[in-house]
Amino acid sequence: MLLPSFNHIDTTYTHVYLSPHLDDAVLSCGGAIAHYTAAGERVLVVTLCTGAPNPSGPFSALAHDIHTNEWRLTPAQAMAARLREDDQALARLNADTFRAGLLDAIYRMPAIYDSREALFGPPARHDPLLPALRDLIAALRARLPAATLYAPLGVGGHVDHQFTYIAALTAGGRVAYYEDYPYAQRPGALSQRLDALGQEFASETLDIGTHLAHKIAAIEAYTSQLDVLFGGAAAMAEAVTAYAAATHPSHGTYTERVWRHAGSRQGQASNISTPLA
């Protein structure tokens with residue numbers, strides 16, 4: 001169910017997933033979301049960058065390339081089409097969603113994030129996304145003090161994922177960090193990110209064997225993303241299954257893994273700051 005405004009977020013949600021873009025939470029945590037909703041727990045996906053750009057731009061060459069060659073959608077079509085995909089995906093997982101309406105990096109600062117190197121590099125100092133996220137996450141924590149918040153680790157380095165990680169550090173309460181998929185499937189990407197953060201983390205795994213098919217079915221709803229991310233639906237199912245098998249510590253089933261700052265009392269995130277470039 002789509003919540004029409006922040007004020008419709010009630011206090012009964014126990015799991016809140018911060019998704020930088022339309023698909024991130026499902027790609028990374030779809031099995032856990034299905035697990036919790038099947039157990040009768042309420043799950044809210046808060047998708048951050050869901051604002052539609054002005055169809056007339058300005059757009060960088062990178063944005064034109066993404067629209068034309070990856071999504072195969074015009075700027076006027078892109079957000080509406082992706083919202084419909086997200087509706088279908090979350091309905092398959094029985095999760096509710098609130099959309100913050102912020103702009104994706106390629107729309108927010110087109111002159112800065114104008115190449116893949118910039119989009120997956122150090123975040124810009126004066127990017128307005130970070131203060132907006134800090135305000136939103138503080139409001140979420142005030143409304144849902146007992147809920148577990150799940151934020152991306154920032155594996156892969158997309159600036160919107162990095163900002164979400166940074167903003168979540170000061171959330172307080174229970175915070176866990178998920179492995180940004182499919183970036184995390186690249187050899188060495190996860191360990192490289194953990195090393196770069198320079199903090200002690202402890203991992204936790206959740207058995208999603210019963211719900212792996214639900215996760216795959218939900219990801220299939222993102223039709224505009226399947227070819228560019230995986231090369232099609234069949235390859236996606238194979239890759240998702242392989243990664244879920246690889247994260248299980250003793251093999252034989254399928255899991256998803258999250259990370260918490262080691263030594264943080266009762267799972268609370270410590271006040272660690274990550275400098276911007």
**Study point:** Check: E179/S28 side-chain N/O donor and acceptor closer than 3.5 Å
**Key:** no

If we count only N and O atoms by modelled type, under 3.5 Å, do the side chains of T50 and R99 hold a donor and an acceptor together?
no

Exercise. Is the number of heavy atoms from other residues, nucleotides or ligands within 6.0 Å of CD (E70) greater than 12?
Worked result: yes

Can you confirm whether the side chains of T205 and E256 place a donor and an acceptor under 3.5 Å from each other?
no

Practice prompt. Test side-chain hydrogen bond (donor to acceptor under 3.5 Å, both in side chains) on N7 and S5 and set out the steps.
Written response: CA-CA 5 Å; N7 290 335; S5 73; 4.8 Å; no

Tell me whether the centres of the aromatic rings in Y183 and H158 are closer together than 6.0 Å.
no

query = What about F59 and H67, are their ring centers closer than 6.0 Å?
reply = yes

For P123 and V159, the nearest pair of non-hydrogen atoms, with its separation, is CA-CG1, 4.0 Å

_Donor-acceptor contact present, side-chain R143 to main-chain I9, <3.5 Å_ = yes

Of L133, I137, D160, the one forming a side chain to side chain contact (heavy atoms under 4.5 Å, CB included) with L48 is L133

Those residues at least two apart in sequence (or on a different chain) that pass side chain to side chain donor-acceptor pair (under 3.5 Å) with Y222 are D86

### Query
Can any side-chain N or O of D24 pair as donor or acceptor with the backbone N or O of S19 at less than 3.5 Å?
no

>> Please tell me whether V228 and V26 are part of a single hydrophobic cluster in this structure, the criterion being side-chain heavy atoms less than 4.5 Å apart.
In response: yes

With sequence neighbours left out, the residues meeting ring pair (Phe, Tyr, Trp, His ring centres under 6.0 Å) with Y150 are H15, Y17

Legend entry - Flag for T164-H161: side-chain donor and acceptor within less than 3.5 Å: no

Short question: side chain of R42, backbone of T12 - any donor-acceptor pair under 3.5 Å? no

Looking only at heavy atoms, the pair that brings M236 and I216 closest together is CE-O, 3.6 Å

Is the backbone N or O of T255 less than 3.5 Å from a side-chain atom of D207, with the two atoms forming a donor-acceptor pair by type?
no

Applying a strict under-4.5 Å side-chain criterion to I, L, V, M, F, W and Y, I'd like to know whether L44 and L2 cluster together. no

Determine whether V45 and L93 satisfy the following criterion, side chain to side chain contact (heavy atoms under 4.5 Å, CB included), listing intermediate values before the conclusion. CA-CA 11 Å; V45 175; L93 298 178; over 6 Å; no

Can a donor-acceptor pair be found between the side chains of Y13 and E41 at a distance below 3.5 Å? no

Please confirm whether the backbone N or O of G121 pairs with a side-chain atom of Q162, one donor and one acceptor, at under 3.5 Å? yes

